[in-house]
There are 2 protein chains.
Amino acid sequence: MASAAAVRTAPRGRIDKRQAILDAAFDVFAEHGYAQALVQEIAERAGVAKPTVYNHFTDKETLFRATLTAAAHAVMDGNIATLDRMRSPGEDLRATMNEVAYQLARSCCDRRSRSLRWLTYAQVARFPDLIEIVQGCTSVRIAEAMADRLARLTLAGRLRPCDPAVAAEQLLALVTGPLETRSRLGTRKLTAAELRALAESAVDTFLRAYAADPR
Amino acid sequence: MASAAAVRTAPRGRIDKRQAILDAAFDVFAEHGYAQALVQEIAERAGVAKPTVYNHFTDKETLFRATLTAAAHAVMDGNIATLDRMRSPGEDLRATMNEVAYQLARSCCDRRSRSLRWLTYAQVARFPDLIEIVQGCTSVRIAEAMADRLARLTLAGRLRPCDPAVAAEQLLALVTGPLETRSRLGTRKLTAAELRALAESAVDTFLRAYAADPR
DNA sequence: CACTAACTGAACCCGCCGGTTCAATATGAA
DNA sequence: TTCATATTGAACCGGCGGGTTCAGTTAGTG
């Protein structure tokens, strides 16, 4: 059997190909969808042989799962960071909310974020369990964080008394809802100006409905 | 409507198999997605031989296109009819808007409507042109109709002066946005009570932001 | 240097399924 | 009845692509 040495520490012979495969897989899946994606192409783009792919991930399906969960966590981290700008709203609440809404909208239009949403939705029939993971990492988590911030604002008397969960849900809907339609499900590229305007009108309606002092 | 009994006995001949194929195709596509859908299964479920399918629609792709456009028009008709309830708002604006919002939410959760959205989105990589058709028939058309109603309401002094297009977009976002998250992309069935509550809070924020007389 | 484990490339197997062919049959119209 | 057309079942082809095998190579380890 194994001697006293750490035989089991998996000292990867080469650089970690695993990450390269995951990255390549996300790109290929995002480009062609699950069914149309060729494992061969993933391997090539990762600079790796096909058997190596099957060595790290037993089959196409588990590779897909691993790819999406990894991407979900990455996207989540980005969005949470964006939301943290609302920690200290400062004097001009409207201005900071405008900025946050704009950044959120931008983040939603980001290629990785869009591809992730698309892949999850598209493959919902075959991988229903992925919804929980991806949505949990993105929508739900973001909504909770937003609700936290809104609760603080209410407590500080800057928003009228309300259910922060509902308010957060609605604010996010106002920001992201029009995006899908306007961008033709991601087909059309939205300009920064469009995003600004969209964010501003979303915040405007939100504040009209929720601000304690509707100035 | 009483002719269904005659179908039981091998109706070999020129009955309108075309519609049967389209219906069956929508179901099968909706169940398995485009790539996983078997033409054989579509034929069987339509009570038809496989060559007959290829006789009416040259190949799987054109069959898919025909299926989706047909479904899109059907869904559109339903939604437009729903919206017409807002033609005569009556005394209690909030009550009628609540009802319309609820019906719209219900319609969005409808199996056919959900499947249509899903199929379009899922296959956007392979059939980018379908977005225009489907979205044109659903989101865009509905938004326009809603904007018309809101413009009337503004003119009648019941809403504050505003851009009816933006207002319509936002109202629809408030109603449909939370649906996707809450229903886990259609995985979870929402109760009627949930839909009612959702519609009411959507209308509430909308009216707080847009009503001329915020009572 | 020897040993082991990961990696490679290319060929290979095999099931799946879109699409076709064809002879037989049913239908509807003239 | 007769002809044209739509339909049927069943078999068949052919490509595609997931997954495997294997002999050979490379790279860390001692």
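The chains referred to below are lettered A, B, ... by the order of the sequence lines, with proteins before strands, and numbering in each begins at 1.
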May I ask you to decide whether B:E194 forms a salt bridge with B:R188, counting only side-chain N to carboxylate O separations under 4.0 Å?
yes
Under 4.0 Å from OP1 or OP2 of D:dA6: is there any side-chain N or O of B:H56 that close?
no
A:F29: what forms a ring-ring contact (aromatic ring centres under 6.0 Å, His included) with it, not counting sequence neighbours?
A:Y34, A:F64
A:R126 has an atom CZ; how far is it from atom C1' of D:dG18, in whole Å?
12 Å
Can you find a side chain N or O atom of A:T52 that sits less than 4.0 Å from OP1 or OP2 on C:dC7?
no
Can A:Q170 and B:T205 be counted as having a side-chain donor-acceptor contact under 3.5 angstrom?
yes
If a protein heavy atom is under 4.0 Å from the base, mark B; if only from the sugar-phosphate, S; if neither, -; do that for nucleotides 10-18 of chain C going 5' to 3'.
B------SB
May I have the distance from A:D16 (atom CG) to C:dC7 (atom P), rounded to whole angstrom?
9 Å
Between B:R94 and B:D204 (salt bridge meaning N to carboxylate O under 4.0 Å), is one present in this structure?
yes
Check the distance between C:dA5's P and A:K17's NZ and give it to me in whole angstrom.
19 Å
Hey, is the side chain of A:N55 poking within less than 4.0 Å of OP1 or OP2 on C:dA6, counting only N and O atoms?
no
Atom-pair distance (CZ on B:F57; P on C:dT20), nearest Å
15 Å
Apply side-chain contact (heavy atoms from CB on, under 4.5 Å) to residues B:L179 and B:L195 and explain how you reach the verdict.
CA-CA 8 Å; B:L179 277 183; B:L195 289 184; 3.6 Å; yes
Tell me whether the count of non-hydrogen atoms from other residues, nucleotides or ligands lying under 6.0 Å of CZ in A:R141 goes above 12.
no
